[in-house]
There are 2 protein chains.
Amino acid sequence: MAVTLRDVAEKAGVSVRTVSNVVNGFQHIAPATRARVQAALEELNYRPNLVARSLRQGRTGIIMLVLPEINVSYFGELAHEVVDYATSVGITVQIDESGGDPKREKELLTSLAQASWVDGVLFSSLGLRGVDLAGLAGSRPLVLLGERTARTSLDHVGIDNVEASRQAVAHLVERGRTRIAALGGSGGARDATSKYRWKGFQQGMRAAGLDPDGLYLRTPDYRRGSASAAVKELLQWGERPDALFCFSDELAAGALRELYEQGVRVPDEIAVVGFDDIEASRYSTPALSSIRPDKAGIAKTAVDALLRRLDDPQGETHDYEVPFELIIRESSG
Amino acid sequence: MAVTLRDVAEKAGVSVRTVSNVVNGFQHIAPATRARVQAALEELNYRPNLVARSLRQGRTGIIMLVLPEINVSYFGELAHEVVDYATSVGITVQIDESGGDPKREKELLTSLAQASWVDGVLFSSLGLRGVDLAGLAGSRPLVLLGERTARTSLDHVGIDNVEASRQAVAHLVERGRTRIAALGGSGGARDATSKYRWKGFQQGMRAAGLDPDGLYLRTPDYRRGSASAAVKELLQWGERPDALFCFSDELAAGALRELYEQGVRVPDEIAVVGFDDIEASRYSTPALSSIRPDKAGIAKTAVDALLRRLDDPQGETHDYEVPFELIIRESSG
DNA sequence: GCCTGACTTTGCAACGATGCAACCCGCAGG
DNA sequence: CCTGCGGGTTGCATCGTTGCAAAGTCAGGC
């Protein structure tokens, strides 16, 4: 079995408590004692039992990150930043996937927020409204990532989706495009991501004097395949927008692929702009213009917010807005 | 504070132990008692304290997955499969990143294998040899993912990299290519991935009567940017292979991008085959041929192996070989 | 009416660590 | 010589749960 404090104490001829003091760097210890204990610690290769420590202290140092799917590039990159930053402040990250399914999201929340050893939860929800969440949130701190859903009493970190989308459209307009289509999600209340991006799209169109209720290609999810299908259908109908604003880079990738297959030149005939700026987009052909959220900023802000709430569960909640940037590449150059 | 067994016991007028029995579905409990306890449980909304339970039982139900970087698509997809399968068998997954840095890998192993609450570790190493690992592996079960490194006494799950690479080359040869270049990694002992893939490449070349020590473009990592740079340099030198076998799909994506920029047509002038078959490759232009490892199979096999070892720490170790498939798409069609 | 055995329920100890408060000690000050 | 003080060390209780073994209850068999 594992080496415990008691084993070390026996070997060093001191009490368990003293060994614990040495391990935790307590001040008032006689140098001789400390040395003896240190020696015993090393000889037995003692490692503290973190479970026991957690039980006593009531904290585990583990936070949970709930994402729709870790294999989606944007979430993978976000998870990377979270793990990276959390590790740097001594926190371990558990990952769970909701699949974007509201039922599973609720399940996860009820079990996590109350039952688990998790100190707090970072939750990137697709389907749940803030109100749902507020009710479910248990005793444990919860920070929402992504779109700001309905007014809630929860901490939230994200970018200004409406403004980002507006800027994307403005950019396309500035490049002389007028028949601009939006692509992705449902735009409905259940899908906050597309709801806000669609809203920003409309603002941009209106500002340019274009029809704000123009073409909107809806998709059941944000994956490449859905965009391919949607674009294929669009072209079959003979519709020819001169620009496409896709609500995720993966959607844009699917769109680019389909346009390529149909022999439509990008950006000459149709310009394309994505959202998320995943790594792959820099290398697609043509390279994809996109909205780049400050992922590292989101991760740091979110983890910090969670830690702050751990120390002060009652404090006022905040809405943290993180910067973004419109990156212009070939696909809309 | 949280509701404990004692709170419930008091409310229901039974002993703590009885409540525990009810919670754990123990058989012999009087229906009346069970009902009373159930009612109290629900009224107080009791949730077991998993930390305490773990302390008592010596198991946490958490496994750690160590990857170089979660934002690399292949690892993201693998992580997805692991989380998915682990969840289905009631296991939670923690993720940590090594950055592929041998020093950090060692650090993680020493701390994880001994100190943590983790029941076991799935380790996808880039830089460490099996021998290093064997020495470091602490008291906790450890299963290696990816390339089989030096002969070890550890469980290992992966595909036959040599054979996969051989088949990729054979495919290119069959399509009439003769000046085939390999791209990725160093081929050295420190980089098992490229070592085996390069070996398979050579076997394939030899079998076709081609120079087995032909062109090998080395890269410091497996990311898109490195391949772009390598291909750029290659073309500057005036070398013109007629096929490129890239040791990862991300490398292939970078290569495709650079070939596009330089106006080299794929597959007409140069055919390209990748390795990993990440989601994005189906949608690249042109769509990328690739070796598809059975990722779900790897995940399931690895988790199962870990669980088996938990029950029988002394059992014989295995080398699990998981199937793969060569997917042929436009880039080498 | 007593014994056996199955069914219920329980108290105690333990998992390994840390908070608390007390203890012992030597020394300076009165 | 006694008191007070602060450094060094300790025992005990505790975190919330479950394993163990025994105690209590009750019905059925002899």
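Predicted, not measured: the structure shown is a model, and the values here were computed from it. Chain naming here is simple, since letters A, B, ... match the order of the sequence lines and numbering starts at 1 in each.
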Exercise for the section: Return yes if a side-chain donor-acceptor contact under 3.5 Å exists between R17(B) and N21(B), otherwise no. Expected result: yes
Exercise for the section: Round to a whole Å and report the spacing from CD of E10(A) to C1' of dG16(C). Expected result: 14 Å
Completion exercise
From the candidates dT9(C), dT18(C), dT9(D), the one with an atom nearest any side-chain atom of A30(A) is dT9(D)
Fill in the blank from the handout: From CZ of R34(A) across to P of dG7(D) the rounded distance in Å is 14 Å
Handout entry: Nearest-nucleotide 5' precedence on DNA chain C, F26(B) against N24(A)
Key = F26(B)
Handout entry: base_contact_polar (dT17(D) base, R53(B) side chain, donor-acceptor, <3.5 Å)
Key = no
Handout entry: Phosphate OP1/OP2 of dT17(D): any S20(B) side-chain N/O under 4.0 Å
Key = no
Fill in the blank from the handout: Here the distance between atom C1' of dG19(C) and atom CG of L5(A), to the nearest Å, is 14 Å
Problem - Among dT9(D), dG16(C), dG19(D), the one nearest Q57(B) by side-chain distance - result: dG19(D)
Problem - Distance, rounded to the nearest Å, where R56(A) contributes CZ and dA14(C) contributes P - result: 18 Å
Problem - Partner of K295(B) under side-chain hydrogen bond (donor to acceptor under 3.5 Å, both in side chains), chosen from H80(B), E81(B), E77(B) - result: E77(B)
Exercise for the section: Please work out if S54(B) contacts a base, only the sugar-phosphate, or nothing of the nucleic acid, heavy-atom cut-off 4.0 Å. Expected result: nothing
Exercise for the section: Please check if any side-chain donor atom of D276(A) sits under 3.5 Å from a side-chain acceptor atom of Y222(A), or the reverse. Expected result: no
Problem - Distance in angstrom units between R36(A) CZ and dG8(D) P, rounded - result: 14 Å
Handout entry: Side-chain donor/acceptor contact of R47(A) with base of dG16(C) under 3.5 Å
Key = no
Exercise for the section: Ignoring backbone atoms, establish whether S15(B) has a side-chain N or O less than 4.0 Å from OP1 or OP2 of dT9(C). Expected result: no
Handout entry: N/O donor-acceptor pair under 3.5 Å between R309(A) side chain and G315(A) backbone
Key = yes
Problem - Distance below 4.0 Å between T18(A) side-chain N/O and dT10(D) OP1 or OP2 - result: yes
Fill in the blank from the handout: Separation of dT10(D) atom P from H28(A) atom NE2, nearest Å, is 16 Å
Practice task
Say whether D7(A) and Y46(A), considering side chains only, have a donor N or O and an acceptor N or O under 3.5 Å apart.
Solution key: no
Handout entry: Rounded interatomic separation in angstrom, taking CZ from R17(A) and P from dG16(C)
Key = 17 Å
Exercise for the section: Can you tell me the distance, in whole Å, between the CD1 atom of I29(B) and the C1' atom of dT10(C)? Expected result: 13 Å
Practice task
Check every strand shown and say whether V14(B) touches a base, only sugar-phosphate, or nothing at a heavy-atom separation below 4.0 Å.
Solution key: sugar-phosphate
Completion exercise
Against the side chain of T4(A), the closest entry in dT9(D), dG16(D), dG16(C) is dG16(C)
